[in-house]
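Structure first, commentary second.
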Amino acid sequence: MKRTFSRIAFGALACVLVSAADAATLRFANQGDALSMDPHMHNEAVLLSLTGNVYESLTGRGRKFETTPELATDWKQTAPTVWRFNLRKGVKFHDGTPFTADDVIFSFERARGEGSDVKVYVSAIKEIRKVDAHAIDIVTTDPFLILPQTVSRWYVMSKSWCEKNNATRPADVRKGGENYATLRANGTGPFMLKSREPGVRTVFTANPDWWGKVEHNVTEAIFTPIGNDATRVAALVSGEIDMMDPLPLQDVPRVQSNPNLKVMQSPELRTIFLGMDQKRDELLHSNIKGRNPFKDVRVRRAFYQAIDIEAIRTRIMRGVSTPTGLMVAPDTQGFAPELNKRLPYDLEAAKKLMAEAGYPSGFEVGMNCPNDRYVNDSEICQAIAAMLAKIGVKVNLVAESKSLFFPKVIGRNVSFYLAGWTPASQDSHNALFAVMSTPGEGAQGQFNGGAYSNPRLDELTRKIGAENDTARRNAMIAEAFKIHQDDIGHIPLHQQPITWGMKKTVEMVQLPDNFLYMRWVMVK
Amino acid sequence: MLAFCIRRIAQAAVVMLVVGLIAFALFRFVGDPVVFMLGQDATPQDRARMSAELGLDQPFHLQYARFVGRALHGEFGLSLRQLRPVSTLFRERLPATLELAIAAALFALAVGIPMGVYAALRRRSWLTQAFLVLSLAGVALPTFLIGILLILVFAVQLGWLPSFGRGETVALGAWSTGLLTASGLKALILPAITLGLYQMTLIMRLTRAEMLEVLRTDYIRFARARGLTDRAVYFRHGLYNTLVPVITIAGLQLGSIIAFAIITETVFQWPGMGLLFIQSVMFADVPVMAAYLCLIALVFVVINFVVDLLYHVVDPRLRLELAAAR
């Protein structure tokens, strides 16, 4: 009896040891939690990143950030406004129901319907026609060249599951908040949601029936949000977690010097820039009355040339930001490398420009800045204030929480500010439209906090939105960027780094969208 | 007695209303949640519509009246951040905070009282001096620093205890407890010490002072004259009489332990109400913040009310005063 017991115990132990060798648990942390498991509820990075392991889209991203087939196997334009997508056969949702064209059409209605926050990814689509169970025609309002890229953040949900569980719309404030899909998930992706405790712990398990080629060895992944920077670093150093994002820049040397840990860094898609009020006849926050110095391009140019971007890169960003001369990052569609040159840092030139513009002894201006949104945001603003002091500009800095800061930028109640923008579609048109166009109908120019305006740029932006030829489209994007550069509509600063801290035993893929793709995680 | 209760309840209601009003007035300065709710690509029209649907565009007094009306029904609306009912969020988070607060209070009592007694009895011992220095540090060091130091030593250097979270929890009906698993108990140690340290030093100093006071009184001298053992004198006669004010203060402090848990919970990523509150502040999630502040006010009001009642039960003089007043 005793021997039998010990044999069983040994057998069980052997099983554990064997499975521990090739299977692995990934424990990772982020400073914030996804606000829901419903992939249509918020257009927010952590939510889309986490649910992107459970849900899939028609197209996805490859290891080089290229657009790859996902739930669609291939696609082509059959008319200027019609795209044929052939859907992958034999794909099953986690609850076992097969994936068909009906699910795509249902998800389209859900994503553009009431309560959805991901409308931007499907806003170009007029309708979706079912060809057969595994083929659809997507009809766009205008010719829309970047449709395959744009739909990669629009995740497909199961029609039958949503209908059965009364979750055909994202949780709606007006109808009592949460629904079945807030805490549960049923996708087609490589991972399944096992348990979800908001703000505490979210557990994923590998999907054994996934259609794709498995390139990871993670059987279980445990996600914990840890808001406090010091605690998050401590958890990594003490070995309680395998990976964390973001690693505060000041802790990078400490993690690098630890023999068990490593740092992964690369530029993000987000571009940090400065904006200036160019519309009001008198600035809201300045000692110059009766006129607006920012209306003079010489003043804007003087500000630009007074900023020592290298000092910001080396001192504040610890050598890991990527200074930029454009308002979009290199991985953005339409990026024009030949234009990515900054005006030189030149204090003498800046002083001369200020004198020519009629401000030889500078002026006072209020600057708005977030202090909890971007990497070292308020430190950058402080440095810029010190740099501008050298050309006589006295900056009155207001650094505040993002919940106070953003309403001011969107309401255009700022004179001079620092902000950042990531084109949601990963295409230049989105930046031109939301940040550089003249504020107008709907979302046009809505993040253009200084109301910079150039009619030619507006016209180009409109044309780019409906252009069906890549070469012509890119040429127009470059022209628009050139106009914006010559006007100094904004002062681009840099792309901030994505910084992950992790154990040396973990191999991951880091893309400029800062998503965590568990499908490529190898844990030794 | 009934009149007294009614008067106290009426006072409590006024306190609650004022707290709600102040909370609401403050929230006008935390920013606009709609910007975050709708994401970066929403149009101004979308934002205006959302603002109207949430009633955020209404004048202040109307919003406040609506809030009070709903709160009377125990309903605090939806969290703007998570779009889930505030009452559900509180139910999920309350067990964590209460377990932490009670563990911290027990730690403070279990360590603070013996230390205080020792310090009173052996006034010149080097250990007493050490306790007093320690208590000075406990009062002077801010909570977040103590938490970080404990994490550094016990989680990072020694690797004995976890640096964050609550470990494995077990659901007992609606209550999720971390007290039944090894990892849950281990996870409780550092946050409970961090949170309880200040109270511990307070209780230690109070016990010491009271004990010294009591030991000077006549009946202790008579007890000695009767030839009682040191143990009987110190513990049966001395400590018992010391404990009344100590327990009172400890009870009143429970409210501030729950309220101060905000910092400890943030440092240790302890998934309680305090952490929820901090996350809500960053998002300008007004319903959660308002409900949290009201709840904390309620805790204080209830504890004070109970203490007042207990005094009446314990102290006959108060009852007499009341009768005379009538």
Side-chain angles (χ1 to χ4, degrees), chain A residues 29 32-33 35-36 38 41-44 115 117-120 123 170-174 176-178 182-183 197-201 224-228 230-235 237-241 372 400-407 410-411 421-422 424 430 434 439 441-444 446-447, chain B residues 29-47 50 53-54 77-86 88-89 92-93 96 144 147-148 151-152 154-159 161-166 169 176 266-269 271 275-276 278-279 281-285:
Chain A
D33 195 3
L35 297 173
S36 169
D38 189 324
M41 195 175 119
H42 282 290
N43 181 17
E44 185 256 339
D117 195 12
V118 294
K119 290 179 188 141
V120 57
S123 58
D172 196 325
V173 204
R174 289 144 292 211
E178 63 184 316
T182 312
L183 297 173
E197 293 170 70
V200 182
R201 193 195 331 252
T224 322
I226 305 180
N228 188 298
T231 312
R232 201 166 59 249
V233 175
V237 175
S238 67
E240 290 164 81
I241 53 173
D372 54 1
E400 58 198 345
S401 169
K402 59 192 177 194
S403 60
L404 293 165
F405 169 77
F406 281 111
I410 289 170
W421 185 262
T422 309
N430 174 276
E441 279 295 295
Q444 182 184 328
Q446 62 137 341
F447 205 68
Chain B
F29 300 102
V30 295
D32 184 1
V34 172
V35 175
F36 300 104
M37 293 177 72
L38 288 177
Q40 65 174 21
D41 290 287
T43 64
Q45 291 82 352
D46 287 341
R47 277 191 281 271
M50 176 65 96
E53 274 160 5
L54 294 170
L78 285 180
S79 156
L80 304 179
R81 192 168 70 95
Q82 300 194 25
L83 291 191
R84 306 177 62 211
V86 175
T88 311
L89 291 177
E92 282 173 6
R93 298 301 189 97
F144 69 87
I148 293 289
I151 288 177
L152 191 65
F154 291 99
V156 176
Q157 301 290 342
L158 298 172
L161 297 168
S163 59
F164 72 94
R166 219 184 149 200
T169 55
S176 77
T266 310
V267 172
F268 288 94
Q269 193 67 29
L275 192 61
L276 180 70
I278 289 290
Q279 290 163 347
V281 170
M282 307 222 178
F283 195 91
D285 192 346

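Keep in mind that this is a model prediction, so the values were computed, not measured. Residue numbering restarts at 1 for every chain, and letters A, B, ... go by the order of the sequence lines.
Closest approach of A:Ile226 and B:Gln269 over heavy atoms only: CA-OE1, 3.1 Å. Nearest heavy atom pair, residue B:Arg47 against residue A:Gln446, reads NH2-OE1, 2.6 Å.
Residues passing the ring pair (Phe, Tyr, Trp, His ring centres under 6.0 Å) test with A:Phe406, sequence neighbours excluded: none. The side-chain hydrogen bond (donor to acceptor under 3.5 Å, both in side chains) check on A:Glu400 picks up A:Lys408, with sequence neighbours excluded.
Among A:Lys119, A:Gln444, A:Met41, the residue with the largest count of heavy-atom pairs under 4.5 Å with chain B is A:Met41. Annotation: maximal heavy-atom pairing with chain B below 4.5 Å, among A:Pro225, A:Gly227, A:Ser36, A:Gly199, occurs at A:Pro225. Put simply, of A:Ala434, A:Pro198, A:Gly32, the one with the most heavy-atom pairs under 4.5 Å next to chain B is A:Pro198. Of the listed residues (A:Arg201, A:Arg232, A:Glu44), the one with the most heavy-atom contacts under 4.5 Å to chain B is A:Arg201. Counting heavy-atom pairs closer than 4.5 Å to chain A, the top residue among B:Gly165, B:Ala96, B:Pro162, B:Ala284 is B:Pro162. Interface remark: of the candidates B:Ile151, B:Thr266, B:Leu89, B:Thr266 forms the most heavy-atom pairs closer than 4.5 Å to chain A.
For the residue pair A:Glu240/B:Ser163, the side-chain donor-acceptor check at 3.5 Å is satisfied.
Atoms OG1 and CZ, on A:Thr231 and B:Phe268 in that order, are 7.5 Å from each other to the nearest 0.5 Å. Between the CG atom in B:Leu152 and the OG atom in A:Ser238 there is a gap of 10.5 Å [rounded to 0.5 Å].
Proximity to chain B (any heavy atom under 4.5 Å) is shown, for A:Asp33, by neither the backbone nor the side chain. Proximity to chain A (any heavy atom under 4.5 Å) is restricted, for B:Thr88, to the side chain, taken from C-beta onward. Heavy-atom distances place the side chain of A:Ile410, and not its backbone, under 4.5 Å from chain B. Of the atoms belonging to B:Arg93, it is side-chain heavy atoms, and not backbone ones, that fall under 4.5 Å from chain A.
In this structure, the side chains of A:His42 and B:Arg81 stay at 4.5 Å or more apart for every pair of heavy atoms. You'll find the side chain of A:Val200 stays beyond 4.5 Å of the side chain of B:Glu92, heavy atoms only. B:Phe164 places none of its side-chain heavy atoms less than 4.5 Å from the side chain of A:Asn228.
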Quiz item: Between B:Arg166 and A:Glu197, is a side chain to side chain contact (heavy atoms under 4.5 Å, CB included) present by the stated rule, with each step listed?
Solution: CA-CA 12 Å; B:Arg166 219 184 149 200; A:Glu197 293 170 70; over 6 Å; no
